[in-house]
Amino acid sequence: MGQNCYHFSNRDFNWKSSASLCRGMGGHLVEFNTIEESQDVIAGLMSDAKLKGKNFWTGGLNPGLLWIWASSARPVHQDTKQPVIGDGRGEDCGSRQRYICELTVDDESANRIERTARLLIDKKN
């Protein structure tokens, strides 16, 4: 989608495991740099019957007073109008849900994400 490559998990994990799995693919939990990017990803989720209505981890983290993106440490803009459940600490991050990884589009990242996705599918079956 646009300038980025995304992986939408089909299994549930806590936030820390989700972040680790994304790093293993050569990326990070999704960080929305623009409203357009968040709208593109949401439109993609809404158009896929298997993903629509599911909750997903993003790279948002609240270490104290302000929500930041965990990978870049930039502030999460409040104008994205996306619901944020919990306060970003403790047991909220321990709940299990799907995740969205973001990778820059290059051959190595694309190959890594395809291999990891196949491994996860094979383990499930």
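Model, not experiment: these values are computed from the prediction.
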Evaluate the criterion side-chain contact (heavy atoms from CB on, under 4.5 Å) for residue pair R98 and L51; output intermediate values, then yes/no. CA-CA 9 Å; R98 296 176 182 205; L51 302 175; 3.7 Å; yes

Can you list the steps and then say if Q97 with K54 is a side-chain contact (heavy atoms from CB on, under 4.5 Å)? CA-CA 8 Å; Q97 57 191 24; K54 304 291 184 191; over 6 Å; no

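Interatomic distance, NE2 of H28 versus CD of E102, reported as 4.5 Å (0.5 Å rounding). In this structure, F8 CZ and K50 NZ are separated by 14.0 Å, a value rounded to the nearest 0.5 Å. Here the CG-CH2 distance, from D12 to W57, works out to 10.5 Å after rounding to the nearest 0.5 Å. Between S38 atom OG and E31 atom CD the span is 13.0 Å, to the nearest 0.5 Å. Taken to the nearest 0.5 Å, the CG atom of L29 stands 9.0 Å off from the CD1 atom of I100. To the nearest 0.5 Å, atoms CD (E37) and CD1 (I42) are separated by 10.5 Å.
A donor-acceptor contact shorter than 3.5 Å is absent between the side chain of S17 and the backbone of N14. Of the possible polar contacts, none joining the S20 side chain to the K16 backbone as a donor-acceptor pair under 3.5 Å is found.
In this structure, P63 and I68 have side chains that are in contact, with non-hydrogen atoms separated by less than 4.5 Å.
Nearest heavy-atom pair across S18 and Y99 is OG-CD2, 3.4 Å. Here the shortest heavy-atom pairing between G27 and L103 reads N-CD2, 3.7 Å. Taking all atoms of both residues into account, the shortest heavy-atom contact from W15 to L61 is CH2-CD1, 4.3 Å.
With no hydrogens or angles considered, a side-chain donor-acceptor pair links S72 and R74 at under 3.5 Å.
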